[in-house]
Amino acid sequence: MALTGSARIGGARTGGARTGAKAVHGSAPTREHTAADDDVSKRLLESAATLSYDPAIEIDWDAPLPDDHYGLNPEWSTLYGTRLWDEMTERQRVTLTRHEVCSIMNTGIWFEMILQQMVLRDQYLKNPASAEFRFALTEIADECRHSIMFARACEKMGVPAYRPNKLIAQAGRAYKALAKGELAYGGILVAEEVLDVMQRDWMRGENVLEIVRGTSRIHVVEESRHMKFARQEIRERTRHAGPARRRTSATGIALGAYVIVTSMVHPGVYRAAGLDTGRALAEVRANEHRKAMMRTSSRHLMAFLAETGLLTSRSAAIYRRIHML
Ligand SMILES: [Fe+2]
Ligand SMILES: [Fe+2]
């Protein structure tokens with residue numbers, strides 16, 4: 001599928017009132033939102049107006065799924081590189097990768113719901129004339145389309161909804177209700193960065209289902225703006241943050257990353273592929289290929305966290321446990 005932009009969503013034109021230098025429109029006393037900060041959001045709004053997609057039109061939802069196409073590139077399967085992978089039939093590999101991609105998409109939907117609520121809470125009664133406010137709402141609209149797109153893709157692949165366990169679901173409920181500032185935007189950035197690296201490979205995978213390639217292309221384009229916005233928000237919110245607050249936020253973001261990374265692939269995917277769940281999970285835990293993929297794909301994120309003082313010894317220990325460092 002070539003994305004032509006024909007199903008483009010026209011974004012709001014930027015312009016309007018320019019936020020004056022050092023105009024503070026947040027309630028947090030440490031927050032300073034300058035004209036330069038708002039310029040970042042203005043550029044993102046211009047980009048959104050030029051290149052945004054409507055997946056309902058852009059994806060060929062009726063095209064049949066070729067039997068031999070994977071759900072994601074085999075190298076991104078949690079079992080790739082293990083003895084169990086070598087023993088599996090081609091049919092099992094196809095089934096496993098389809099369930100894995102749908103599990104990751106379901107985690108994506110779960111996290112996009114958390115994200116939308118956090119961003120909406122953050123922008124509550126902020127200045128509607130600012131580009132920051134308008135981009136935040138544009139991002140929420142993007143996430144809404146993404147979640148519907150992922151839901152349709154999973155339905156098309158015939159994979160049931162995989163959900164996080166009750167404890168993790170409750171933790172997510174607390175996080176979406178309470179997190180703010182760099183803690184909220186840090187969690188958002190982690191989820192978006194991890195997914196972005198995988199989807200850049202999925203959209204190019206020649207033996208990957210077109211429905212996955214197309215949805216990944218749309219997501220990569222629109223999420224690159226979200227990641228820029230999250231980085232900008234984190235820089236702003238930590239500009240005057242003292243070491244104690246940075247340490248607390250750093251740990252909170254790392255715990256968020258732990259939850260996201262460990263929830264991405266549901267254990268039910270192995271049974272769906274006709275595998276022994278216990279053996280599969282043991283092989284995934286010892287899979288050096290998987291660990292190397294995680295470390296490589298987290299390099300950019302770790303560099304940013306270090307630059308903003310959000311990579312502390314405690315948070316680094318958590319990232320090491322999930323092989324992001
Ligand atoms: Fe998204
Ligand atoms: Fe996003």
Side-chain angles (χ1 to χ4, degrees), residues 1 65-111 146 149-150 153-154 156-157 159 162 190-221 223-224 227 257-275 277 280-302 319 322-325:
M1 184 197 70
L65 305 180
D67 281 345
D68 57 344
H69 279 44
Y70 300 110
L72 43 78
N73 321 50
E75 311 84 72
W76 275 111
S77 170
T78 52
L79 280 174
Y80 187 82
T82 64
R83 255 185 55 209
L84 185 53
W85 178 268
D86 294 335
E87 291 170 21
M88 285 160 67
T89 64
E90 198 50 26
R91 187 74 248 141
Q92 283 181 306
R93 291 173 182 169
V94 167
T95 305
L96 177 67
T97 55
R98 290 185 186 192
H99 278 257
E100 285 178 321
V101 82
C102 289
S103 174
I104 296 170
M105 284 181 178
N106 271 289
T107 307
I109 294 172
W110 172 50
F111 203 77
H146 296 167
M149 167 177 87
F150 290 143
C154 293
K156 176 87 184 169
M157 284 183 262
V159 175
Y162 286 115
V190 167
E192 289 175 341
E193 288 262 4
V194 169
L195 200 56
D196 180 70
V197 178
M198 289 191 268
Q199 288 186 318
R200 281 175 192 272
D201 283 343
W202 301 352
M203 69 187 205
R204 295 189 190 101
E206 279 174 17
N207 47 4
V208 171
L209 287 171
E210 191 51 49
I211 201 169
V212 175
R213 297 180 65 179
T215 51
S216 298
R217 258 181 234 126
I218 291 175
H219 209 240
V220 163
V221 168
E223 289 296 330
S224 74
M227 288 187 281
Y258 185 90
V259 168
I260 294 161
V261 168
T262 54
S263 307
M264 266 190 321
V265 177
H266 193 278
V269 301
Y270 306 109
R271 200 178 46 218
L275 302 170
T277 307
L281 287 175
E283 297 220 12
V284 169
R285 271 194 295 274
N287 188 352
E288 291 302 327
H289 166 80
R290 174 87 185 154
K291 294 175 191 172
M293 293 285 268
M294 285 304 298
R295 267 192 295 273
T296 312
S297 52
S298 308
R299 220 177 267 158
H300 194 227
L301 174 66
M302 292 302 129
Y319 291 121
I322 46 175
H323 315 292
M324 289 179 81
L325 198 64

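The first residue in the sequence is number 1, and the count goes up from there.
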Any non-hydrogen side-chain atom of M203 less than 4.5 Å from a side-chain atom of V212? no

Judged by atom type as modelled, is there a donor-acceptor pair below 3.5 Å linking the side chain of R93 to the main-chain atoms of W85? yes

Any donor-acceptor pair under 3.5 Å from T97 side chain to P74 backbone: no

Looking at every heavy atom in both R98 and P66, which two are closest together, and how far apart are they? NH2-O, 2.8 Å

Checking side chain to side chain contact (heavy atoms under 4.5 Å, CB included) between L275 and each of E283, E87, M88, which is the one that passes? M88

Derivation and outcome, side-chain hydrogen bond (donor to acceptor under 3.5 Å, both in side chains), residues T78 and Y270: CA-CA 10 Å; T78 52; Y270 306 109; 2.7 Å; yes

side-chain hydrogen bond (donor to acceptor under 3.5 Å, both in side chains) for H266 and E100? Distances and angles first, verdict last. CA-CA 8 Å; H266 193 278; E100 285 178 321; over 6 Å; no

Between A257 and V190, which heavy-atom pair has the shortest distance, and what is it? CB-CG1, 3.6 Å

Contact check, side chains of L281 and P267, non-hydrogen atoms, under 4.5 Å: yes

In this structure, OG1 of T82 is separated from CZ of R285 (nearest 0.5 Å) by 13.0 Å

Between T95 and A273 (side chain of the first, backbone of the second, donor and acceptor by atom type, cut-off under 3.5 Å), is there such a pair? no

Pairwise distance CG(L209) to CZ(R213) - rounded to 0.5 angstrom: 10.5 Å

Between L79 and A280, what is the shortest heavy-atom contact and its length? CD2-O, 3.8 Å

Hey, is the main chain of N73 close enough, under 3.5 Å, to the side chain of S77 for a donor-acceptor pair? no

Run D196 and H219 through side-chain contact (heavy atoms from CB on, under 4.5 Å) and show every step you take. CA-CA 8 Å; D196 180 70; H219 209 240; over 6 Å; no

Is R290 close to E75 at the side-chain level, that is, under 4.5 Å between some pair of heavy atoms? no

Do the side chains of M294 and I322 get nearer than 4.5 Å, heavy atoms only? no

Please confirm whether the backbone N or O of D201 pairs with a side-chain atom of S216, one donor and one acceptor, at under 3.5 Å? no

Answer whether the closest heavy-atom distance between the side chains of V208 and H69 falls below 4.5 Å. no

Just verifying a value: how many Å separate R217 CZ and W202 CH2, rounded to the nearest 0.5 Å? 14.0 Å

Pair V265, H99 - check side-chain contact (heavy atoms from CB on, under 4.5 Å), show working. CA-CA 9 Å; V265 177; H99 278 257; over 6 Å; no

Looking at I260 and T107, what are the two nearest heavy atoms and their distance? O-CG2, 4.5 Å

Mark yes or no for whether R91, through its side chain, and D67, through its backbone, hold a donor-acceptor pair below 3.5 Å. yes

On a heavy-atom basis, the closest approach of A153 and I211 is CA-CD1, 4.0 Å

So CD1 of I104 and CE of M198: to nearest 0.5 Å the spacing works out to 4.5 Å

If every non-hydrogen atom of A272 is compared with every non-hydrogen atom of Y162, which pair is closest and at what distance? CB-OH, 3.9 Å

If you round to the nearest 0.5 Å, how far is CG of N106 from CE of M264? 13.5 Å

Min side-chain heavy-atom separation Y70-E90 under 4.5 Å: yes

Is there a side-chain contact between Q199 and W76 in this structure, where contact means two heavy atoms from C-beta onward sitting under 4.5 Å apart? no

Rounding to 0.5 Å, atoms CD1 (I109) and CE (M149) come to a distance of 9.5 Å

Side chain to side chain contact (heavy atoms under 4.5 Å, CB included) against R295, all qualifying residues, sequence neighbours excluded: K291, H323

Is there a side-chain contact between H146 and E223, using heavy atoms and a 4.5 Å cut-off? yes

Do the side chains of E193 and R299 get close enough for a salt bridge, i.e. N-O under 4.0 angstrom? no

